[in-house]
Amino acid sequence: MAMLTRRDWKALFAAWLGYLMDGFDFVLITLVLTEVADDFDLSMVTAATLVSAAFISRWFGGLAIGAVGDRFGRKPAMILSIVLYSVGSLACGLSWGYWTMFAARLLLGLGMAGEYSASATYVIESWPARARNRASALLISGYAVGSIIAGQLYRFVVPAWGWRAMFFLGVIPIALALWMRRGLKESDDWQRATGGRSGAARAAEGGVEGEAKGGVEPRRDFITILYRGRYAVLNLAATVVVAASLFLLFTERAGGFVWPLVALTAAGFVLFTAQFAGRRTPMMVTLMVTVFCAFLYSWPIQALLPTYLKADLHFSPGTVSDVLFFAGFGNVLGCVLVGFLGDRWGTQRTYVLSLCVSVVFVLPVFAMDSGQTVWLALLLFFQQMFAQGISGLLPKLIGGYFPTSERAAGLGFTYNVGSLGGAVAPVLGASLAGGHSLGPSLAWLTFALTFVVIILIAVNAPLRVQRLTGDREAAPEGDLTEQPTARTGEASAAGPSSGAAGAGSPRTPPSTTRRN
């Protein structure tokens, strides 16, 4: 068993607080949505777009703050993400109308995306290799804890001080996390990959030339690849098109152009991926599809469960809160459990087994009636433990496909593009219900898509697709967060792509470490 130091736990706790606020805010905006709609005189449809606003900017936050993490270090990226997060939270509390709240949510989306990429990368790279599944899972448990806290505080804070007080309270742990992060050391893997020099120091030595002279592999971060290369104008135009398409889609202004806008958005993401990943584009695109499907199976329940409990089972607000508490508590314990199992059995195997157990509970959950509250809470506890708790391994799973030099941006962009499935899932679930009971549609949608994700992960679809349709030599041999070659030098690992030219990186040398 890997020995953990005080520094390891400090790094985890500083990042965990940020994740707690991620969960707090997501649930918070849904809890206070009716109060915000009344205060700003909005219809519920218009008010719901405030929830979706963060998705419009998250993909760019993962890209941009991930690039900061890869070029200047994980610690500056963590600090930047938490600053954006705190400003966005304060702005939500101070907003005086729909558009100011919408802009604040966009800013929050940038910070949330950066929080995921920077903090997850930092913790994974700071902990010993044999404990990195644990680090990933314990970190993500903060999200579930934040959700639980938000639900419990809502009962007492909003009736006494109003909805704005919830946003102001959220700044307290953010400030604590920012203070703690300032005293952290840089992650071990990033220091090894850069020769222990900060991005500022390398820039002072002459940027890329200085890196070459210092004997460190020259790097091009995601921002440099897209916006300072030969295709900078094209990429700027594509960025505007993607942002505008997402805005029209998530604010229900697309009219009859939904599918053309979806196609434009997908094409933009593939364009950016191809320039970043080079020869490994099939692998990264398939990884994004896998994450997208993971959100599709989990978020119908995450987003529509309160509605189902209130509308279909006619539970009181207090009963809904109690049931959601048990579901959230199962999520927390699931994160802890899969972290230990992941270090023992491997990331991929644990992911598949946990999802296989979770499908046993899906259909019974929605077979309960309003007189079986205890059984419903118990079933939800176990369903969320195995279905949602496994998301604790997602940062480790994604990060394993990227070398240290591009892990923050690769993880951040992949996850946050995939997270768009979280915006699609509630709409898909409600559409399948067709105005009838939500229960059957949520049950079968979750049941079917869980099997899709099981298959994608069980066969290691990203690497399989890379080897079938792309350059087999560009596929890494194993989990790059655990291979010694990925920690001692990036020249041997799948290094940064050559941008628009499409030149990829050399194949990872053979290793005895197999992909988990």
Side-chain angles (χ1 to χ4, degrees), residues 26 29-30 33 37 42-63 98-99 101-103 105-106 108-110 112-113 234-274 284-304 307-308 311 413-436 438 440-442 444-446 448-449 452-453 456:
F26 184 85
I29 189 63
T30 62
L33 204 57
L42 306 174
S43 68
M44 283 308 299
V45 173
T46 302
T49 63
L50 294 173
V51 180
S52 301
F55 287 99
I56 298 174
S57 57
R58 282 189 66 156
W59 69 272
F60 188 78
L63 182 160
Y98 172 78
W99 287 110
M101 175 70 89
F102 194 91
R105 292 288 299 166
L106 290 176
L108 256 168
L110 291 174
M112 290 168 67
L234 171 64
N235 291 324
L236 283 170
T239 300
V240 172
V241 169
V242 169
S245 298
L246 290 174
F247 174 81
L248 294 173
L249 288 168
F250 287 139
T251 58
E252 299 188 335
R253 289 173 167 82
F257 298 95
V258 171
W259 287 111
L261 291 174
V262 169
L264 281 174
T265 302
F269 290 150
V270 173
L271 173 67
F272 299 150
T273 300
M284 188 169 173
V285 170
T286 308
L287 185 58
M288 285 191 288
V289 171
T290 302
V291 176
F292 185 86
C293 290
F295 272 87
L296 279 182
Y297 91 72
S298 64
W299 278 94
I301 291 181
Q302 295 297 307
L304 295 177
T307 302
Y308 168 73
F413 186 69
T414 299
Y415 175 84
N416 286 291
V417 169
S419 74
L420 291 171
V424 174
V427 178
L428 184 59
S431 299
L432 290 176
H436 302 291
L438 274 175
S441 66
L442 294 183
W444 289 110
L445 185 62
T446 301
L449 285 168
V452 172
V453 177
L456 289 173

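Computation of the quantities below employed the complete heavy-atom set of this structure, encompassing side-chain atoms and omitting hydrogens, waters and symmetry-equivalent molecules.
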Item to check | For F272, ring pair (Phe, Tyr, Trp, His ring centres under 6.0 Å) partners two or more places apart | outcome: W59
Show every donor-acceptor pair shorter than 3.5 Å between a side-chain atom in residues 235-242 and any protein atom, with sequence neighbours excluded, or say none if there are none.
residue: N235; atom: OD1; partner: Q275; partner atom: NE2; Å: 2.8
residue: N235; atom: ND2; partner: L226; partner atom: O; Å: 2.6
residue: N235; atom: ND2; partner: Y231; partner atom: O; Å: 3.1
residue: N235; atom: ND2; partner: Q275; partner atom: OE1; Å: 2.9
residue: T239; atom: OG1; partner: Y227; partner atom: OH; Å: 2.7
residue: T239; atom: OG1; partner: N235; partner atom: O; Å: 2.8

Item to check | Residues in side-chain contact (heavy atoms from CB on, under 4.5 Å) contact with V258, at least two apart in sequence or another chain | outcome: L249, A254, V262
Next on the checklist: To the nearest 0.5 Å, what is the distance between CG on L287 and CZ on F413?
Outcome noted: 11.5 Å
Checklist outcome for this item: Applying ring pair (Phe, Tyr, Trp, His ring centres under 6.0 Å) to W99 and not counting sequence neighbours gives F102
Next on the checklist: List the residues meeting ring pair (Phe, Tyr, Trp, His ring centres under 6.0 Å) with Y415, not counting sequence neighbours, and say none if there are none.
Outcome noted: Y116, F295
Checklist entry - Rounded to the nearest 0.5 Å, what separation is found between the CG atom of L50 and the CD1 atom of I29? => result 5.5 Å
Checklist entry - Roughly how far, to the nearest 0.5 Å, is the CZ atom of F55 from the CE atom of M112? => result 7.0 Å
Checklist entry - S57 and G109: which non-hydrogen atoms are nearest, and at how many Å? => result OG-CA, 3.5 Å
Checklist entry - What distance do L271 atom CG and L264 atom CG have between them, rounded to the nearest 0.5 Å? => result 12.0 Å
Checklist entry - If you look only at pairs with a residue in residues 253-264, which of them pass as a side chain to side chain donor-acceptor pair (under 3.5 Å), with sequence neighbours excluded? => result T251-R253
Next on the checklist: Looking at every heavy atom in both G62 and A113, which two are closest together, and how far apart are they?
Outcome noted: N-CB, 3.3 Å
Checklist entry - What's the spacing between T290 OG1 and L456 CG if we round to 0.5 Å? => result 4.5 Å
Checklist outcome for this item: Tightest non-hydrogen contact, residues T265 and S245, listed as OG1-CB, 3.3 Å
Next on the checklist: Could you work out, with ring pair (Phe, Tyr, Trp, His ring centres under 6.0 Å) as the rule, every residue matching Y308, not counting sequence neighbours?
Outcome noted: F366
Checklist entry - Just how far is it from atom CZ of R58 to atom CG of L108, taken to the nearest 0.5 Å? => result 10.5 Å
Next on the checklist: If I compare all heavy atoms of A294 with all of Y297, which pair ends up nearest, and what's the gap?
Outcome noted: O-CD2, 3.1 Å
Checklist entry - For F292, what residues pass the side-chain contact (heavy atoms from CB on, under 4.5 Å) criterion, not counting sequence neighbours? => result L296, L420, V424
Checklist entry - So which heavy atom on C293 is nearest to which on V452, and how close? => result SG-CG1, 4.2 Å
